[in-house]
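This report refers to the structure that appears directly beneath it.
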Amino acid sequence: MNTTGFPLDVAGRDLGDLLDRAKVPAGDGPPLLGSLVGGSAVAPQGEGTVRISPATGQPLFRAGDESTSVVEAAVARARSSFDTGRWGRASGRDRARVLARTAQLMEARADDLAELVVLETGKPIREARGEVAAAVNAFEYFSGLARDVNGRTVRDIDASVFAFTVREPAGVAGLIVPWNFPLGILGQKLPPALAAGCTVVVKPSPLTPLTALAVVSLLYEAGLEPDAVSVVLGEGPAGAALVAHREVDVVSFTGSTATGRHIAAHAGSQRLKRVALEAGGKTPVLVTANADLDEVVAGLTFAAFFNQGQVCVAGSRILADASVADELGERLAARAAGLLLGDPWSEATQMGPLISQQHFDGVSAAIETSRQEGVRVLAGGDPSAPEATGARPFLAPTVLATDDDGSTAAREELFGPVTVVQSFTSLDEAVTRANASAYGLAASVWSNDLREALDLTLRLRTGTVWINGSTDAFPELPLGGRRDSGYQAEFGREGMEFFTENKTVQVGRTRRKDWYTA
């Protein structure tokens, strides 16, 4: 497919209306995108940074600047909408109808949204369609919860008191969305915030703002008050300003552990506020002697290389029983070597390019460091250049092997198509080594012995454990980490309740005796 410039006409479909609100008049070169504040574009200060599409290798748009003034404008609109606007007074039914209508509009434009995902991320079209479907599912789920924001009653505290709690929207929510699943992770944050009754300022990654702009435009079309959601296209200073702003009540962030620490440290600099952090991960995968190796190889090929390994819960560290570790490494290496890298729009393509040259360089450097540390390369480890596509940059899917838990490959989140196989000699050893990680986002256990699998699951100190599976997420189930993987949960009722505050109400049922009267 030959696609260049701005995605106005992709595969014969005009996508311009999804992005028209954010377009800013400019001269020659890639189109200039502005932030969406109150439903209208706000031009960046300066020319904006040129973004190269990994799917085409061509300039895609210009956007973003170092200014924080747009954050001030967006937060002011959100605060006004919450305090005095229609959204701040909307009923649960009203909120549900907007979210449900948005889900319908997204589903009707699913092909168009998938094309935008491919353009800004480079992931294969099959994966992009799955991401759109996941986001639609999230909007549908939270549209139902919007009508079910409940407190509880407490009857038997005292004969003179009846009490109940009320869950109220927290206020203005700042949402910081990463580039690896720009639409999928937006679906983890935006619909629950709106379902709870919050107003929102979204800051997408500067690399991948297109889908956020498109979805918010569809929200407006579905009837959302424009001031209730804004999209800020800015660099690091904009994110810092959003996190620290006095009028932002809660912050939800997904990204690296290093940035998560910075956010945690600065969120309370102007006033105390709650923060949800979904940070890095190094998912330990425990494969016991009782596992079905055919199932394991198929499952872990997906877990390691789906989305080019740019997944916080990727199966990037495999701890396998010594009786099967060598065979597992060899079979994974063979599967990795056979994966088809190529044109992201081809239905046959199984892996696309990494998000950017800068990210590619970082993953490649980590692989080289691992080689120097004595880690063995079973497959991949080098750049790849598939023919008949302008997509770039590609890294061959990589399988490593080492006995050194202190190595870069075993310890660090490389966030690329790289997994490492290690062996263990006892289940106690495997659990101890898995739990020694600084991360605690997720783990998976592969065994056909149910008692063994459940025992391992309960001993692993992570937020999620998959048994004979990996990477799946559903809006009905909370997703959150421990330690350096962050805290609080997204998805599930818990994910919506993060965007609420509890209020306790006590009602006197009888006249009390005057405390100061004898």
Side-chain angles (χ1 to χ4, degrees), residues 78-104 106 134-155 157 162-175 177 185-202 215-216 218-220 222-225 227-230 247-254 272-276 278 473-480 487-507:
R79 173 52 61 191
S80 176
S81 178
F82 183 77
D83 290 343
T84 64
R86 288 185 288 114
W87 192 252
R89 299 191 301 272
S91 68
R93 186 188 183 202
D94 290 338
R95 299 195 301 273
R97 294 175 77 177
V98 168
L99 292 173
R101 176 60 177 154
T102 303
Q104 294 169 354
M106 291 171 64
V136 170
N137 191 22
F139 271 85
E140 290 174 344
Y141 172 73
F142 285 109
S143 71
L145 281 191
R147 302 182 69 162
D148 192 27
V149 184
N150 294 320
R152 62 191 180 96
T153 58
V154 186
R155 187 188 64 179
I157 295 176
F162 173 75
F164 60 92
T165 66
V166 178
R167 282 201 173 271
E168 299 177 330
V172 176
L175 311 182
V177 181
I185 294 178
L186 183 70
Q188 294 175 199
K189 300 179 185 295
L190 182 54
L194 293 173
C198 290
T199 54
V200 176
V201 177
V202 179
V215 167
V216 169
L218 293 177
L219 273 164
Y220 298 154
L224 181 68
E225 180 182 20
D227 284 351
V229 176
S230 292
E247 294 297 331
V248 173
D249 299 290
V250 291
V251 173
S252 177
F253 164 82
T254 299
L272 296 179
K273 65 186 70 174
R274 289 183 295 114
V275 179
E278 202 264 75
F474 301 95
E476 295 87 351
L477 299 174
L479 176 66
Y487 45 79
Q488 298 289 353
E490 296 188 317
F491 271 170
R493 181 173 291 274
E494 297 87 343
M496 184 186 69
E497 290 181 347
F498 169 76
F499 294 103
T500 67
E501 300 279 10
N502 266 317
K503 176 180 285 182
T504 297
V505 181
Q506 299 184 41
V507 182

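This structure is a prediction, so every number in the text was calculated from the model and none was measured.
Every residue two or more places apart in sequence or in another chain was checked for a side-chain hydrogen bond (donor to acceptor under 3.5 Å, both in side chains) with Glu278, and none qualifies. Every side-chain hydrogen bond (donor to acceptor under 3.5 Å, both in side chains) that Glu225 has, sequence neighbours left out, goes to Ser81. Under the salt bridge (Lys or Arg N to Asp or Glu O under 4.0 Å) criterion, Glu501 pairs with Arg274, sequence neighbours left out. Every salt bridge (Lys or Arg N to Asp or Glu O under 4.0 Å) that Glu497 has, sequence neighbours left out, goes to Arg167. With sequence neighbours left out, the salt bridge (Lys or Arg N to Asp or Glu O under 4.0 Å) criterion links Glu247 to Arg79.
Shown here for Ser252 and Glu490, the closest heavy-atom pair between the two residues is OG-OE2, 3.3 Å. Smallest separation of non-hydrogen atoms from Ala196 and Arg95: C-NE, 4.1 Å. Heavy-atom minimum distance, Pro192 versus Met496: O-CG, 3.6 Å. Of all heavy-atom pairs spanning Val248 and Gly174, the tightest one is CG1-N, 3.8 Å. A pairwise comparison of heavy atoms in Leu175 and Val200 identifies CD1-CG1, 3.4 Å as the closest pair. When every heavy atom of Phe139 is checked against every heavy atom of Leu190, the shortest pair comes out as CZ-CD2, 4.3 Å.
Put simply, CE on Met106 and CG on Asn137 are 10.5 Å apart, with the number rounded to the nearest 0.5 Å. The line from CD of Glu494 to CG of Leu477 is 9.0 Å long, rounded to the nearest 0.5 Å. Here the OG1-NZ distance, from Thr254 to Lys189, works out to 3.0 Å after rounding to the nearest 0.5 Å. Between Phe499 atom CZ and Asp249 atom CG the span is 11.5 Å, to the nearest 0.5 Å.
Side-chain contact check for Phe491 versus Pro478: every heavy-atom pair is 4.5 Å or farther apart.
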Evaluate the criterion side chain to side chain contact (heavy atoms under 4.5 Å, CB included) for residue pair Leu224 and Trp87; output intermediate values, then yes/no. CA-CA 8 Å; Leu224 181 68; Trp87 192 252; 3.4 Å; yes

Take Phe164 and Val507 through the side chain to side chain contact (heavy atoms under 4.5 Å, CB included) test and state the conclusion after the steps. CA-CA 9 Å; Phe164 60 92; Val507 182; 4.1 Å; yes

Test side chain to side chain contact (heavy atoms under 4.5 Å, CB included) applied to Val98 and Thr102, step by step: CA-CA 6 Å; Val98 168; Thr102 303; 4.3 Å; yes

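Open room surrounds CG on Leu272; 12 or fewer heavy atoms of other groups in view lie less than 6.0 Å from it. Taking a 6.0 Å sphere around CD of Glu168, one finds it holds more than 12 heavy atoms contributed by other residues, nucleotides or ligands.
When each of Val201, Val215, Leu194 is checked for a side chain to side chain contact (heavy atoms under 4.5 Å, CB included) with Val229, only Leu194 meets the rule.
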Can you give the donor-acceptor pairs under 3.5 Å from side chains of residues 141-151 to other protein atoms, not counting sequence neighbours?
{"unit_1": "Ser143", "atom_1": "OG", "unit_2": "Glu140", "atom_2": "O", "d": "2.6"}
{"unit_1": "Asp148", "atom_1": "OD1", "unit_2": "Asn150", "atom_2": "ND2", "d": "2.4"}
{"unit_1": "Asp148", "atom_1": "OD2", "unit_2": "Arg493", "atom_2": "NH2", "d": "2.6"}

